[in-house]
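Report on the structure given below.
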Amino acid sequence: MKKWVSQFKTEDWVVVAVSVLLLALAILIPNHLPKIPKNLSEPDSWQSIFVLFVIVLLTLYLGWLMLGKPLKGLVLSLAAVFAVSILAQIVASVPQVSYYGFESVFFSVIFGLLIRNLFRVPEWMKPAIQSEFFIKIGVVCLGATILFSDVMKSGAVGLVQAILVVGIVWFFAYFIARRLKVDQRSAMILSSGVSICGVSACITAARVAGGDDRKLSYIVSLVLIIVVPMIYLMPWLASVLLPMLFDDPAVVQEVSGAWIGGTIDTTSGVAASSAIVGELANQHAVIIKGAQNVLIGFVAFFIALYLSTRGEKSGNNSPSLHIVWEKFPKFIIGFVAASLVFSLFQANDLFHLNAKGKLLEPGMAKMFSSLFFSLAFVCVGLETRIKEIVSRENRNLLWAFLTAQTFNIVITFIIACLLFGVVKPMLG
């Protein structure tokens with residue numbers, strides 16, 4: 001009995017526990033939770049920053065108490081990391097910056113790298129540099145933003161495209177990365193990012209596969225940099241190629257949306273790019289992206305299942321269920337459970353709409369996810385020396401990413417044309 005209880009004192013289970021409390025706040029008091037401020041010019045912004053800091057501090061304190069870790073120095077250290085994170089969020093919210101598709105995690109990494117490589121990280125700042133802990137919380141909260149009803153809006157055709165694109169592109173990206181001598185775990189992170197939805201998929205895959213955080217930050221940076229030209233390239237390609245294949249303007253819009261939704265690696269980038277094409281394209285692109293986002297959990301599960309059984313065979317014996325369970329990352333259970341619970345709440349009309357007509361409670365869960373991801377990537381930057389990531393292996397990562405993304409654009413174009421240009425019109 002004591003051994004059974006002791007397994008819940010590991011970091012993964014503690015992450016699930018504190019994440020449940022955060023998601024409970026999102027459900028119970030969504031109207032009273034602050035949002036991440038977009039500027040510092042209003043008094044409410046400073047109040048929001050203070051409340052968010054207290055929430056993060058209590059989360060970290062509770063987690064450390066449950067893990068039996070020392071609490072000394074956490075407040076001052078977290079204040080510094082939190083300040084850098086908020087700065088990244090505010091910079092990403094500047095209209096001229098957000099217009100080009102750069103997200104807060106990009107600036108979180110950049111600011112952390114600048115501090116680490118231009119100055120010396122002082123000892124007092126180190127207690128709260130906990131990238132692993134913050135990322136796992138962000139992943140669990142992310143699960144609450146992935147609602148299965150969003151996928152069903154695209155119907156069977158959209159779901160088929162999502163499954164085909166994710167499956168084909170993931171294995172192609174993994175094959176290319178391994179041929180270029182990228183290590184297995186980094187190849188899994190890259191493949192998940194290219195095939196599913198960029199940053200969120202990279203982070204989730206990294207926590208499951210156990211990849212190097214420095215390589216994770218490199219891949220995330222690639223995703224966020226490459227998405228910028230794609231936001232403008234994809235609508236232009238759609239306007240040139242698709243009218244040559246289809247006469248119906250509505251079909252052109254639907255195929256454009258399906259193509260953009262399946263290739264651009266960030267949800268904000270998908271929304272911005274497809275809006276250039278038109279309203280119908282925008283609707284289809286966002287729904288297709290949502291369908292692919294749901295597959296994060298499935299891909300993470302199979303990566304975890306594969307890695308938990310790999311190398312554990314003894315003689316002719318297959319890996320036991322005990323070994324699979326022991327090695328399986330438990331926070332993924334929290335991710336899936338959060339998605340199921342929030343999907344059930346939505347299905348029973350238990351959520352509320354905000355002033356913009358969007359679901360309030362999942363919106364608060366997304367806020368928590370973004371906040372903890374931003375904190376995590378500040379920590380990743382603070383732990384990384386630039387000269388260590390500028391290596392031949394990372395150059396291979398770059399070529400693997402560019403090759404996989406090019407393949408993604410081509411294969412998704414073919415699938416979108418077949419499903420939304422041929423199959424869907426035939427079905428009526």
Side-chain angles (χ1 to χ4, degrees), residues 15 18-19 22-23 25-26 33-40 45-46 48-60 63 74 77-94 97-98 100-116 121 125 128-145 193 197-204 206-207 213-214 216-221 223-225 227 265-269 331 363-384:
V15 162
V18 297
S19 299
L22 290 171
L23 295 177
L25 291 177
L33 290 174
K35 295 181 180 179
I36 299 172
K38 296 185 177 180
N39 60 69
L40 300 177
S45 298
W46 292 98
S48 296
I49 289 173
F50 176 75
V51 174
L52 288 173
F53 174 75
V54 170
I55 290 174
V56 174
L57 179 63
L58 291 176
T59 301
L60 189 57
L74 276 183
S77 175
L78 181 62
V81 174
F82 188 84
V84 178
S85 169
I86 290 297
L87 178 62
Q89 298 272 359
I90 290 172
V91 171
S93 299
V94 173
V97 175
S98 59
Y100 289 102
F102 288 107
E103 297 188 7
S104 62
V105 289
F106 175 75
F107 293 103
S108 297
V109 171
I110 294 299
F111 294 157
L113 285 172
L114 289 174
I115 295 170
R116 175 67 176 87
V121 178
M125 195 175 177
I129 299 178
Q130 303 291 336
S131 55
E132 186 87 4
F133 189 73
F134 291 141
I135 286 179
K136 288 178 179 178
I137 293 174
V139 169
V140 177
C141 292
L142 176 70
T145 71
C197 65
V199 175
S200 300
C202 286
I203 294 170
T204 305
R207 297 286 62 80
D213 277 349
R214 291 169 296 181
L216 170 61
S217 67
Y218 183 79
I219 295 170
V220 166
S221 298
V223 168
L224 295 172
I225 290 170
V227 80
D265 288 327
T266 68
T267 303
S268 59
F331 72 96
M364 289 297 102
K366 184 176 182 180
M367 182 274 294
F368 281 133
S369 179
S370 298
L371 177 62
F372 280 93
F373 280 159
S374 184
L375 287 166
F377 275 88
V378 170
C379 296
V380 169
L382 291 170
E383 295 168 332
T384 304

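Residue numbers count from 1 along this sequence.
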(message) Checking Phe111 now: which residues fulfil ring pair (Phe, Tyr, Trp, His ring centres under 6.0 Å) with it, not counting sequence neighbours?
(response) none
(message) Suppose we screen for ring pair (Phe, Tyr, Trp, His ring centres under 6.0 Å). Which residues come up paired with Phe133, at least two apart in sequence or across chains?
(response)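 Phe133 satisfies ring pair (Phe, Tyr, Trp, His ring centres under 6.0 Å) with Trp64 once adjacent residues are dropped.
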Less than 4.5 Å apart, any side-chain heavy atom of [X] and any of [Y]?
| X | Y | value |
| --- | --- | --- |
| Val81 | Leu382 | yes |
| Lys38 | Gln89 | no |
| Ile129 | Glu383 | yes |

(request) Give the ring-plane orientation class for Phe82 versus Phe53, where under 30° counts as parallel, over 60° as perpendicular and anything between as tilted. (result) perpendicular
What's the spacing between [X] [atom1] and [Y] [atom2] if we round to 0.5 Å?
| X | Y | atom1 | atom2 | result |
| --- | --- | --- | --- | --- |
| Ser45 | Asn39 | OG | CG | 5.0 Å |
| Ile55 | Met367 | CD1 | CE | 6.0 Å |
| Leu375 | Leu60 | CG | CG | 9.5 Å |
| Leu142 | Phe368 | CG | CZ | 14.5 Å |
| Cys379 | Gln130 | SG | CD | 7.0 Å |
| Phe134 | Ser374 | CZ | OG | 10.5 Å |

(message) If the test is side chain to side chain contact (heavy atoms under 4.5 Å, CB included), which one of Leu22, Val139, Ile135, Val140 qualifies with Phe372?
(response)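 Exactly one candidate clears the test, Leu22.
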(request) Determine the minimum heavy-atom distance between Leu40 and Trp46, stating which atoms define it. (result) O-NE1, 3.1 Å
(request) Identify the two heavy atoms, one from Ala365 and one from Cys141, that lie closest to each other, and give their separation to 0.1 Å. (result)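 Reported closest heavy-atom pair: O-CB, 3.8 Å.
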(request) Please report the C-alpha distance between Phe107 and Leu87 in whole Å, then the side-chain angles of each, then the deciding distance to 0.1 Å, and finally whether the side-chain contact (heavy atoms from CB on, under 4.5 Å) criterion is met. (result) CA-CA 9 Å; Phe107 293 103; Leu87 178 62; over 6 Å; no
(request) Check the side chains of Ser108 and Ser85 for a donor-acceptor pair under 3.5 angstrom, ignoring hydrogens and angles. (result) no
(message) Could you check whether any side-chain N or O of Ser369 sits under 3.5 Å from a backbone N or O of Gly138, counting only pairs where one atom can act as donor and the other as acceptor?
(response)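 Side chain of Ser369 to backbone of Gly138: a pair is present.
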(request) With sequence neighbours excluded, tell me which residues meet side-chain hydrogen bond (donor to acceptor under 3.5 Å, both in side chains) with Thr59. (result)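 Not a single residue meets the side-chain hydrogen bond (donor to acceptor under 3.5 Å, both in side chains) criterion with Thr59.
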